[in-house]
Amino acid sequence: MAVLLDADTIQARVKELAREIEDGYPEAEEILLVCVLKGGFVFMADLARAMGTRVSMDFIAVSSYGSGTKSSGEVRFQKDLDVSLENRNVVVIEDIVDTGLTLKYLQEILRSRAPRSLKTACLLSKPSRRQVDVAVDYVGFTIEDRFVVGYGLDYAEKYRNLPYIAVLHE
Ligand code: IMP
Ligand code: MG
């Protein structure tokens with residue numbers, strides 16, 4: 001496996017993102033990070049630890065309908081949030097935006113719950129794969145159309161624990 005982004009590069013970028021996200025809200029306002037499981041858990045853990053005490057967290061698990069690696073854009077909630085989003089500043093934390101279908105659908109559902117604001121932070125983005133126009137407010141790294149693993153991202157549930165991001169089969 002070829003390393004695409006090493007651990008130091010990721011950590012430095014995550015700290016920058018944490019600062020950018022915090023700077024996007026008035027000082028007194030709380031921020032709710034909503035982690036999209038499973039892929040987002042490593043990213044959120046590092047991001048949250050680089051942020052101050054006005055941050056709280058919740059988790060959501062979704063699976064897309066459709067077969068194999070194809071995304072249909074319709075998502076089913078495996079685990080919904082525990083908290084209400086009403087009048088809160090919400091930041092969705094995703095591992096990667098590929099076609100954008102999953103995120104688009106998820107944003108629509110979350111927006112219907114009347115948050116004060118709704119933003120999205122993705123560690124990785126593959127813009128060449130995009131099928132729908134979806135708003136991503138914070139992007140860690142833009143990458144080519146390669147299948148990557150590590151730092152939360154899996155292949156058949158493996159490699160999520162790698163501290164770096166690697167290209168599979170290279
Ligand atoms: P999409 O944007 O709806 O196509 O789906 C994005 C989801 O597909 C991500 O949250 C990942 O779970 C998965 N995915 C897309 N590209 C990759 C990759 O390169 N490695 C691992 N998972 C990926
Ligand atoms: Mg995902």
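In listed order, ligands and their atoms are each counted from 1. Because the structure is a prediction, the values reported are computed rather than measured.
- Every atom of ligand 1 is numbered from 1 in the order shown, and the set under 4.0 Å from a heavy atom of Asp95 is 9 (C), 10 (O), 11 (C), 12 (O).
- The Asp154 neighbourhood of ligand 1 comprises atoms 21 (C), with distances under 4.0 Å to a heavy atom of that residue.
- Residue-environment remark: CG (Asp133) stays at or below the threshold of 12 foreign heavy atoms within 6.0 Å.
- Gly39 and Asp95 get closest at one heavy-atom pair: CA-OD2, 3.3 Å.
- Taking the six-membered ring where tryptophan is involved, the planes of Phe43 and Tyr151 are tilted, since the angle between them lies from 30° to 60°.
- For the pair Leu153 and ligand 1, a heavy-atom separation below 4.0 Å is found.
- By the side chain to side chain contact (heavy atoms under 4.5 Å, CB included) test, Asp58 pairs with Leu32, Lys79, Leu81, Asp82, Val83, sequence neighbours left out.
- With respect to Asp80 and Arg113, a salt bridge is recorded, a charged nitrogen being found less than 4.0 Å from a carboxylate O.
- The shortest N or O to N or O distance between Gly100 and ligand 1 is below 3.5 Å.
- Close approach of ligand 1 to Thr99 is summarised as follows: ligand atoms under 4.0 Å from at least one heavy atom of the residue are 1 (P), 2 (O), 3 (O), 4 (O).
- For the pair Gln131 and ligand 1, no heavy-atom separation below 4.0 Å is found.
- Counting the atoms of ligand 1 from 1 in the order shown, those under 4.0 Å from a heavy atom of Thr102 are 1 (P), 3 (O), 5 (O).
- Heavy-atom proximity to atom 18 (C) of ligand 1, evaluated over Phe147, Tyr155, Tyr159, is greatest for Phe147.
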Donor-acceptor pairs are to be reported for all side-chain atoms of residues 119-127 against protein atoms at under 3.5 Å, with residues two or more places apart or in another chain.
from, atom 1, to, atom 2, distance (Å)
Lys119, NZ, Tyr138, OH, 3.1
Thr120, OG1, Gln107, NE2, 2.8
Ser125, OG, Arg130, NH2, 2.7
Lys126, NZ, Arg146, O, 3.0

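- The ligand atoms of ligand 1 that sit less than 4.0 angstrom from a heavy atom of Arg146 are 19 (O).
- Between the side chains of Gln11 and Asp46, at least one donor N or O lies within less than 3.5 Å of an accepting N or O.
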